[in-house]
Amino acid sequence: MARLALYPGSFDPFTLGHLDIAQRALRLFDAVEIIVAANPEKKASMPADVRAALIQEATADIQKLSVRTFEGLVAAYAEARGATALIRGVRSACDITYEAKMAIANSRLCAELETIFLLTAPAYAHTSSSLVRDIARWGGDLTPFVPPAVAAALRRPYA
Ligand code: PNS
């Protein structure tokens, strides 16, 4: 049976660090689905379908990688999709407390679901979506941080 891993996140926006994690996850699983959280209570800079479309554009040439939006519990979505694992990137020890809470909650909600933590590549350890949004706000060069499709979108003012 093909092993599917989900890579959930806000991806607001999707960075080169996220891209690296998705590509490395593909070496461990038969297929990876990036799932973009559509959380009506969390104010994102772009709607989930726009974030997902940009990821789709940035990853179009990668086989076995798909992109969807989702709303609700990630564990319920994983169960419905028959996914065996969740992928999360960890940049440093500071991320672990938050990540461990989510991993434990998700395993309580779906006992078969393993969260796999991949250490962010050193080149992207200091990249975060909030840092990218700040650089974009002030018109800085985004090329070291995000795929070209995302950089182009961030240069356009979002109405
Ligand atoms: O990129 P982020 O913001 O760290 O991603 C957080 C995300 C979307 C993975 C998390 O908030 C999530 O899983 N939300 C869906 C709701 C849910 O399942 N909550 C319980 C998990 S603790």
Side-chain angles (χ1 to χ4, degrees), residues 4-74 77-78 81 83 85-103 106 115-159:
L4 169 69
L6 302 179
Y7 179 18
S10 303
F11 305 112
D12 185 27
F14 187 71
T15 67
L16 291 174
H18 293 134
L19 178 62
D20 177 63
I21 294 286
Q23 284 173 313
R24 285 162 51 206
L26 272 168
R27 292 194 212 130
L28 305 173
F29 291 89
D30 299 311
V32 171
E33 187 174 291
I34 294 177
I35 56 169
V36 180
N39 181 351
E41 271 156 39
K42 195 168 164 186
K43 203 175 164 349
S45 65
M46 289 176 271
D49 58 339
V50 175
R51 283 176 272 147
L54 289 176
I55 301 171
Q56 189 88 63
E57 201 179 332
T59 61
D61 57 341
I62 304 176
Q63 304 266 308
K64 314 269 186 204
L65 185 71
S66 55
V67 187
R68 303 264 188 288
T69 60
F70 83 104
E71 201 174 336
L73 287 175
V74 76
Y77 181 87
R81 292 286 290 115
L86 299 179
I87 303 292
R88 293 286 291 171
V90 173
R91 287 166 300 186
S92 70
C94 303
D95 284 343
I96 289 289
T97 313
Y98 168 65
E99 293 298 333
K101 266 191 223 165
M102 279 206 296
N106 283 325
T115 299
I116 312 285
F117 297 117
L118 295 183
L119 204 56
T120 300
Y124 308 119
H126 300 288
T127 300
S128 68
S129 293
S130 59
L131 183 120
V132 167
R133 290 197 302 273
D134 202 35
I135 294 169
R137 188 174 305 126
W138 300 105
D141 179 17
L142 294 167
T143 51
F145 307 105
V146 295
V150 176
L154 290 174
R155 275 187 230 110
R156 297 191 288 269
Y158 193 77

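Side-chain atoms are counted along with the backbone in the values below, which use heavy atoms only and exclude waters and symmetry mates.
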Check against side-chain contact (heavy atoms from CB on, under 4.5 Å), Thr15 and Tyr124: CA-CA 9 Å; Thr15 67; Tyr124 308 119; over 6 Å; no

Derivation and outcome, side-chain contact (heavy atoms from CB on, under 4.5 Å), residues Val36 and Ile55: CA-CA 9 Å; Val36 180; Ile55 301 171; 3.6 Å; yes

Do you know the tightest heavy-atom contact between [X] and [Y]?
X      : Y      : result
Val74  : Pro8   : CG2-CB, 3.7 Å
Val146 : Pro13  : CG1-CG, 4.4 Å
Ser45  : Asp12  : OG-OD1, 2.5 Å
Leu19  : Pro147 : CD2-CG, 4.5 Å
Ile135 : Phe145 : CD1-CE1, 3.5 Å
Leu65  : Ala22  : CD1-CB, 4.2 Å

Measure the [atom1]-[atom2] distance between [X] and [Y] for me, rounded to the nearest 0.5 Å.
X     : Y     : atom1 : atom2 : value
Leu16 : Ile21 : CG    : CD1   : 12.0 Å
Ile34 : His18 : CD1   : NE2   : 9.0 Å
Ser66 : Lys64 : OG    : NZ    : 11.0 Å

Set of side chain to side chain donor-acceptor pair (under 3.5 Å) partners for Asp20, sequence neighbours left out: Arg24

Would you say that [X] contacts [Y] through its side chain, given a criterion of any heavy-atom pair below 4.5 Å between the two side chains?
X      : Y      : value
Leu26  : Ile62  : yes
Leu28  : Ile87  : no
Leu154 : Met46  : yes
Val150 : Leu142 : no
Thr115 : Met102 : no

Donor-acceptor under 3.5 Å (Arg51 side chain, Phe14 main chain): no

Non-neighbouring partners of [X] that pass salt bridge (Lys or Arg N to Asp or Glu O under 4.0 Å), sequence neighbours left out:
X      : answer
Glu99  : Arg88
Asp134 : Arg137
Asp95  : Arg91
Arg68  : none

Pairwise ring-ring contact (aromatic ring centres under 6.0 Å, His included) hits with a residue in residues 26-70, at least two apart: Phe70-Tyr77

